[in-house]
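Any value given below was found using the heavy atoms of this structure, including those in side chains, with hydrogens, waters and symmetry copies removed. When a ligand or atom number is given, it counts from 1 through the structure's own listing order. Computed from a prediction, not measured in an experiment: that's the story for all the values here.
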Amino acid sequence: MASPVRVDLDGNPIRPITICMIGAGGFIGSHLCEKLMAETPHKVLAVDVYSDKIKHLLEGPASLPWTDRIHFHRLNIKNDSRLEGLIKMSDLTINLAAICTPADYNTRPLDTIYSNFIDALPVVKYCSENNKRLIHFSTCEVYGKTIGSFLPTDHPMRQDPAYFILKEDASPCIFGPIEKQRWSYACAKQLIERLVYAEGAENGLEFTIVRPFNWIGPRMDFIPGIDGPSEGVPRVLACFSNNLLRHEPLKLVDGGQSQRTFVYIKDAIEAVLLMIENPARANGHIFNVGNPNNEVTVRQLAEMMTEVYSKVSGEPPLEVPTVDVSSKEFYGEGYDDSDKRIPDMTIINRQLGWNPKTSLWDLLESTLTYQHRTYAEAIKQVTSKPLAS
Ligand code: NAD
Ligand code: UDP
């Protein structure tokens with residue numbers, strides 16, 4: 001039976017394209033590759049220095065329906081002349097490559113700035129010069145702190161959404177002082193956004209900028225000492241997963257008062273696919289992609305993860321499940337934080353009709369089931385090893 005013709009949001013048939021995906025071996029890239037292989041006819045030239053997270057797509061039996069549609073290119077975009085050729089061979093480039101873990105922003109600010117700005121420059125240039133479409137991954141962190149955070153703590157205007165909802169075309173970008181090197185990442189991302197936007201305005205580059213708001217799910221980052229360095233500090237989902245797997249209290253930085261909205265990676269990937277397949281609706285836009293309904297403080301996240309993990313692992317929670325730690329102790333000098341991040345969804349709703357579906361409880365249940373199944377045994381083996389005398 002012939003497969004049904006896939007159509008875009010305007011009812012036009014979708015033609016198969018070739019996508020150069022840079023950073024395809026990371027968390028978001030791995031989910032995007034899976035989606036493109038399982039549900040579309042598109043080809044992917046997957047570029048990264050690592051491939052572990054997409055090994056299952058690359059090394060499956062030759063009978064897998066997508067073996068001819070995904071090819072891995074192990075290269076570092078900092079210094080590899082093959083990059084332009086791959087962009088030229090593709091209809092669309094998606095750039096996900098970045099250093100994007102907060103523990104690096106204040107401790108490796110040079111690497112952070114180079115990775116998020118300098119290394120992205122040739123990608124933008126090659127797309128512009130060769131008239132290729134670009135989807136560039138930025139971050140919600142370009143908004144920085146909310147306007148409301150500068151009001152007195154009990155000020156009634158703090159409750160007014162105008163002072164905290166983050167809108168692509170209206171909100172300012174508010175960063176801390178230079179010595180707070182936390183903002184090196186946000187600042188580099190903001191400048192590359194401005195450059196992409198300017199290439200669009202002056203040279204006609206067809207672009208879309210994505211601002212992810214805390215996308216989380218399986219394969220995010222690493223578990224220290226298992227599939228990443230023992231001393232490494234990943235993002236909060238992996239930090240808390242690691243604590244739960246090791247039966248340690250979850251560390252709340254500066255009391256865990258910051259607020260975040262978390263969106264399930266599988267919901268967010270639906271939004272990216274809509275951008276890929278609806279260029280006329282996505283070009284020239286900056287999109288917030290998040291779930292405004294899933295807002296919690298980091299402390300509430302820790303409490304919910306403790307409860308969900310106990311349910312999926314069958315292990316009772318610790319009597320004292322969390323411990324407070326100062327940001328200086330946890331991240332070192334120069335750390336600062338975004339206070340609150342609620343995405344305005346007007347533009348993505350209007351252009352692509354996208355809405356997130358998964359509640360925080362449900363996304364944590366599937367993610368922590370994955371973490372337990374993937375890591376519990378390995379952690380048991382590592383922690384039961386006698387210490388060398
Ligand atoms: P990730 O670290 O899992 O993936 C990034 C990938 O890029 C990694 O596999 C890395 O090896 C690769 N890479 C980095 N530098 C490279 C280079 N020089 N050459 C080749 N490959 C290189 O991160 P992620 O969560 O998948 O994020 C992807 C993008 O989305 C990043 O640009 C990030 O800033 C942005 N983002 C993500 C989130 C989120 O919630 N996950 C939030 C805000 C922004
Ligand atoms: N955080 C925490 N404990 C941890 C890891 C992170 O309290 O073990 C906090 C961090 O200070 C921040 C929030 O969790 O307020 C989210 O951190 P993440 O690393 O996921 O990135 P961010 O959302 O800040 O970009």
Among all protein heavy atoms in this structure, tell me which lies nearest to [atom], with the distance rounded to 0.1 Å.
atom	result
atom 43 (C) of ligand 1	Thr139 OG1, 3.4 Å
atom 17 (C) of ligand 1	Asn76 OD1, 3.5 Å
atom 7 (O) of ligand 2	Val253 N, 2.9 Å
atom 4 (O) of ligand 1	Gly26 CA, 3.4 Å
atom 21 (O) of ligand 2	Pro102 CG, 3.4 Å
atom 8 (C) of ligand 1	Asp48 OD2, 3.5 Å
atom 24 (O) of ligand 2	Arg260 NH2, 2.8 Å
atom 22 (C) of ligand 1	Ala97 CB, 3.7 Å
atom 39 (C) of ligand 1	Arg235 NH1, 3.6 Å
atom 6 (C) of ligand 2	Tyr331 OH, 3.3 Å
atom 3 (N) of ligand 2	Lys251 O, 2.7 Å
atom 23 (O) of ligand 1	Cys100 SG, 3.2 Å
atom 20 (O) of ligand 2	Val236 N, 3.0 Å

| request: Please tell me if the side chains of Leu121 and Ile192 come closer than 4.5 Å, counting only heavy atoms from C-beta onward. | output: yes

Closer than 3.5 angstrom, by distance alone: can the side chain of [X] be matched with the main-chain N or O of [Y] as a donor-acceptor pair?
X	Y	result
Thr374	Gln371	no
Ser184	Tyr105	yes
Thr101	Asp104	no
Asn116	Ala98	no
Ser90	Leu86	yes
Asn106	Arg108	no

| message | Any heavy atom of Arg182 closer to ligand 2 than 4.0 angstrom? | response | yes

| said: When you measure from the heavy atoms of Gly256 to every atom of ligand 2, does any distance fall below 4.0 Å? | reply: no

[X] contact mode with ligand 1 (heavy-atom cut-off under 4.0 Å):
X	answer
Ser138	backbone
Leu75	backbone
Tyr50	side chain

Would [X] count as being in polar contact with ligand 1, using the rule that some N or O on each side must be under 3.5 angstrom apart?
X	answer
Asp221	no
Asn116	no
Pro212	no
Leu96	yes
Met220	no
Gly29	no
Ile22	no
Lys189	yes
Tyr185	yes

| query | For Arg235 and ligand 2, does the shortest N/O to N/O distance drop below 3.5 Å? | reply | no

Enumerate donor-acceptor pairs with a distance under 3.5 Å from any side-chain N or O in residues 17-28 to protein atoms, sequence neighbours excluded.
none

Under 4.0 Å, heavy atoms only, figure out whether ligand 2 is touched by the backbone of [X], its side chain, both or neither.
X	answer
Tyr335	side chain
Asn214	side chain
Asp337	side chain
Val298	side chain

| message | Measuring from non-hydrogen atoms of Gly25 to any atom of ligand 1, is the shortest distance under 4.0 Å? | response |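 Right, Gly25 reaches ligand 1.
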
| said: Is it the case that atom CZ in Phe150 sees more than 12 heavy atoms from other parts of the structure closer than 6.0 Å? | reply: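 It does: Phe150 CZ has more than 12 such atoms within range.
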
| message | For the NZ atom on Lys125, are there more than 12 heavy atoms of other groups (residues, nucleotides or ligands in this structure) within a distance under 6.0 Å? | response | no

| remark: Residues at least two apart in sequence or cross-chain that pass side chain to side chain donor-acceptor pair (under 3.5 Å) with Asp68, listed by chain then number, are none

Do [X] and [Y] sit within salt-bridge range, that is, some charged N less than 4.0 Å from a carboxylate O?
X	Y	answer
Asp52	Arg219	no
Glu39	Lys35	yes
Lys145	Asp339	no
Glu206	Lys132	no

| task | Decide whether Glu168 and His285 meet the rule of one side-chain donor and one side-chain acceptor closer than 3.5 Å. | result | no

| query | Pick one: which of Lys340, Arg341, Gln300 meets side-chain hydrogen bond (donor to acceptor under 3.5 Å, both in side chains) with Glu295? | reply |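 Result for side-chain hydrogen bond (donor to acceptor under 3.5 Å, both in side chains) with Glu295: Lys340.
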
| message | As an exercise, identify every atom of ligand 2 less than 4.0 angstrom from a heavy atom of Arg341. | response |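 Selected atoms, number and element: 22 (P), 23 (O), 24 (O), 25 (O).
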
| request: Within a distance under 4.0 Å of any heavy atom of Glu141, pick out the atoms of ligand 2 and give their elements. | output: 25 (O)

| Is the NZ or CZ atom of Arg211 positioned over Tyr143's six-membered ring, under 6.0 angstrom from the centre and within 45° of the axis? | yes

| said: Determine whether the aromatic ring centres of residues His372 and Tyr309 are separated by less than 6.0 angstrom. | reply: yes

| task | Would you please indicate if the ring centroids of Trp215 and Phe137 are separated by under 6.0 Å? | result | yes

| message | Please list, in number order, the atoms of ligand 1 under 4.0 Å from a heavy atom of Phe137. | response |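 The atoms of ligand 1 under 4.0 Å from a heavy atom of Phe137 are 29 (C), 30 (O), 32 (O).
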
| said: For atom 1 (P) of ligand 1, tell me which residue out of Trp215, Phe213, Tyr114, Phe27 has the closest non-hydrogen atom. | reply: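 The option holding the nearest heavy atom is Phe27.
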
